[in-house]
Amino acid sequence: MGIKKHILVIPGDGIGPEVTTWGKAVLENIAEEYGHEFTFDGALMGHAAIEVTGSPLPDDTLAKAKASDAILFGAIGHIKYDNDPSAKVRPEQGLLKIRKELGLYANLRPIMLFDELLDASSLKPEILKGTDILFFRELTGDVYFGEKKRSEDGNTGSDLMIYHRYEVERIAVKAYEAAMLRSKRLCSVDKANVLETSRLWREVVQEVAKRYPEVETEHMFIDNAAMQLVKNPKKFDVVLTANLFGDILTDEASQIAGSMGMLASASIGDGTGFFEPIHGSAHDIAGQNKANPLASILSVALMLEISFGLTEEAKRITDAIDKTLKAGYRTGDIADAHTDPAKILGTKQMGQKVLQYLKETVLN
Ligand code: IPM
Ligand code: MG
């Protein structure tokens with residue numbers, strides 16, 4: 001029996017619209033094939049929304065988001081603001097606000113490694129092979145949302161790093177639940193040797209750990225974790241960490257998967273789930289048919305699995321990507337010296353290839 005779902009597509013800025021087109025196309029294909037009924041709506045966010053409405057998150061977008069069953073998002077940001085620290089209205093505020101408003105406190109970032117891409121990474125293949133990490137990044141607290149201040153003379157700025165017990169506990173529970181379904185190893189990353197928020201974090205994680213005696217817990221300082229991640233990524237399974245540490249660590253971890261263009265993420269909480277590539281708006285290549293659509297397509301696989309419980313359909317998508325890569329097709333970001341130049345594809349051609357394999361792939 002097919003299911004009925006309403007999906008909001010927010011393409012956002014830069015390469016967002018180009019890559020999201022393919023995420024949506026894959027959703028349409030899956031719906032058709034499996035007899036599901038997916039209806040779609042679109043909305044603005046980020047720079048694209050500022051240009052039209054003056055706000056990075058218009059009320060209309062938020063209302064549509066709340067009324068949908070899942071959200072597919074592209075990317076956010078514009079170079080114009082990056083070089084203007086005094087801008088009061090910024091595209092990123094839209095993303096932060098929607099995370100807060102929808103209560104998306106857990107950001108899941110799986111580091112999925114396709115064997116074909118071992119050579120695309122700047123790290124040695126033998127270090128990478130077999131790596132499978134699931135990051136749980138806290139998403140609605142930390143310095144991201146603490147009070148921001150600038151002194152009257154403009155010479156002092158501060159961001160309050162703040163965590164409440166309940167915020168740490170709810171994401172810790174989500175991470176432990178996931179660890180129970182994986183290899184039962186969890187590494188909590190903090191800076192408890194310096195930060196009070198991290199001491200609270202560690203205390204709460206230790207308490208939650210007692211409820212999951214089967215899970216082997218390790219606590220690691222962020223600086224050490226950043227080093228271990230490139231030294232021996234295989235040692236990690238579920239990684240639980242705060243908002244800012246998770247932001248930085250997952251960009252670093254994207255190199256394990258070969259490129260930022262390969263990583264998808266799911267932001268979940270108590271309501272509508274939000275799915276997006278971890279890459280940014282990449283204005284330098286926007287509109288040039290160069291962006292890698294695979295992270296958007298993988299985000300769709302996460303949506304099907306996590307929000308709709310459609311595991312088979314999700315697997316079908318990752319299999320199609322696997323086949324595409326095995327056949328040698330690459331976008332520029334994941335191409336290497338061995339890539340056949342004739343198989344280096346643009347965004348559109350890569351999207352079409354995945355669709356082609358999706359239609360051909362039969363699950364056994
Ligand atoms: C991410 C991004 C965002 C973040 C930016 C665009 C606000 O880097 O999702 O990782 O810092 O959370
Ligand atoms: Mg980031």
Side-chain angles (χ1 to χ4, degrees), residues 96 99-100 103-111 127 131-149 156-256 263 265-269 278:
L96 299 181
R99 286 174 178 168
K100 197 73 172 174
L104 303 168
Y105 61 82
N107 184 213
L108 280 63
R109 296 187 162 185
I111 307 299
I127 303 252
T131 301
D132 181 5
I133 308 174
L134 178 56
F135 278 91
F136 276 79
R137 167 191 176 196
E138 199 288 327
L139 205 59
T140 52
D142 207 348
V143 292
Y144 271 71
F145 293 94
E147 192 186 2
K148 299 186 182 301
K149 280 196 283 200
T156 308
S158 89
D159 297 274
L160 181 66
M161 182 179 257
I162 179 165
Y163 264 118
H164 303 288
R165 181 173 293 273
Y166 79 94
E167 293 175 310
V168 184
E169 183 173 355
R170 63 187 178 180
I171 184 151
V173 167
K174 284 243 186 293
Y176 273 95
E177 289 292 332
M180 286 297 287
L181 300 172
R182 291 171 54 102
S183 71
K184 301 200 170 89
R185 283 187 294 123
L186 183 147
C187 178
S188 173
V189 175
D190 62 31
K191 187 71 185 171
N193 50 347
V194 177
L195 303 172
E196 198 52 42
T197 41
S198 282
R199 287 191 275 270
L200 170 69
W201 182 277
R202 197 172 278 218
E203 189 181 302
V204 177
V205 173
Q206 281 167 347
E207 279 165 19
V208 174
K210 289 191 196 127
R211 293 181 227 158
Y212 300 88
E214 284 172 56
V215 178
E216 183 193 317
T217 304
E218 184 179 7
H219 296 274
M220 200 181 276
F221 295 138
I222 176 68
D223 45 355
N224 185 22
M227 185 270 282
Q228 298 286 344
L229 196 57
V230 283
K231 187 177 175 213
N232 181 17
K234 283 194 275 280
K235 80 183 258 75
F236 297 100
D237 192 76
V238 171
V239 177
L240 166 62
T241 192
N243 203 346
L244 183 63
F245 297 155
D247 178 45
I248 300 168
L249 224 46
T250 53
D251 262 31
E252 185 192 355
S254 74
Q255 271 316 296
I256 294 169
L263 287 198
S265 89
S267 303
I268 55 168
I278 87 156

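Hydrogens, waters and symmetry mates are skipped; everything else that's a heavy atom, side chains included, is used. Residue numbers start at 1 and run along the sequence shown.
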Once you round to the nearest 0.5 Å, how far does CG of L195 lie from CZ of R202? 11.0 Å
Heavy-atom count check: over 12 atoms from other residues, nucleotides or ligands less than 6.0 Å from E218 CD? yes
Distance, nearest 0.5 Å, that separates OG1 of T140 from CG of L104: 8.0 Å
Please say whether more than 12 non-hydrogen atoms of neighbouring residues, nucleotides or ligands are located less than 6.0 Å from NZ in K148. yes
Inter-residue atom distance H219.NE2 - L240.CG, 0.5 Å rounding: 9.5 Å
M161 versus K191: any side-chain heavy-atom pair under 4.5 Å? no
Do you know the tightest heavy-atom contact between T241 and G246? CG2-CA, 3.4 Å
Salt-bridge contact D190-R199 (side-chain N to carboxylate O under 4.0 Å): no
Quick one: closest heavy-atom pair of G269 and Y105, and the distance? CA-CE2, 3.6 Å
Going from OG1 on T250 to CD on Q255, what distance comes out if it is rounded to the nearest 0.5 angstrom? 12.5 Å
Looking only at non-hydrogen atoms, find the nearest pair between I133 and P233 and report the distance. CD1-O, 3.7 Å
Applying salt bridge (Lys or Arg N to Asp or Glu O under 4.0 Å) as the test, list every pair that has at least one member in residues 166-181; sequence neighbours left out. E169-R211
Between V238, I111, L108, which is the residue that forms a side-chain contact (heavy atoms from CB on, under 4.5 Å) with F135? I111
Would you indicate whether the side-chain heavy atoms of L263 and R109 approach each other to under 4.5 Å? no
Check whether S265 reaches the backbone of I278 with its side chain - one donor and one acceptor, N or O, closer than 3.5 Å. no
Do the side chains of V168 and V205 get nearer than 4.5 Å, heavy atoms only? yes
Heavy-atom side-chain contact between L229 and I256 under 4.5 Å: yes
Using side-chain contact (heavy atoms from CB on, under 4.5 Å) as the criterion, point out the one residue from F221, Y163, F245 that pairs with S198. F245
Going by distance alone, is a donor N or O of one side chain under 3.5 Å from an acceptor N or O of the other, for T217 and Y176? yes
Quick one: is the NZ or CZ of R137 closer than 6.0 Å to the six-membered ring centre of Y144, and within 45° of its axis? yes
Could you tell me if the side chain of I171 sits less than 4.5 Å from the side chain of W201, heavy atoms only? yes
Begin with the C-alpha distance, continue with both residues' side-chain angles, and end with the deciding distance and a verdict on salt bridge (charged side-chain N to carboxylate O under 4.0 Å, His left out) for K184 and D237. CA-CA 8 Å; K184 301 200 170 89; D237 192 76; over 6 Å; no
So, for L139 and S267, which heavy atoms are closest and what is the spacing to 0.1 Å? CD2-OG, 3.3 Å
Hey, could you give me the OH/CG distance between Y212 and L186, rounded to the nearest 0.5 Å? 10.5 Å
Output the distance between atom CZ (R99) and atom CZ (F145), rounded to the nearest 0.5 Å. 7.0 Å
Under 3.5 Å: donor-acceptor pair, side chain of D142, backbone of L244: yes
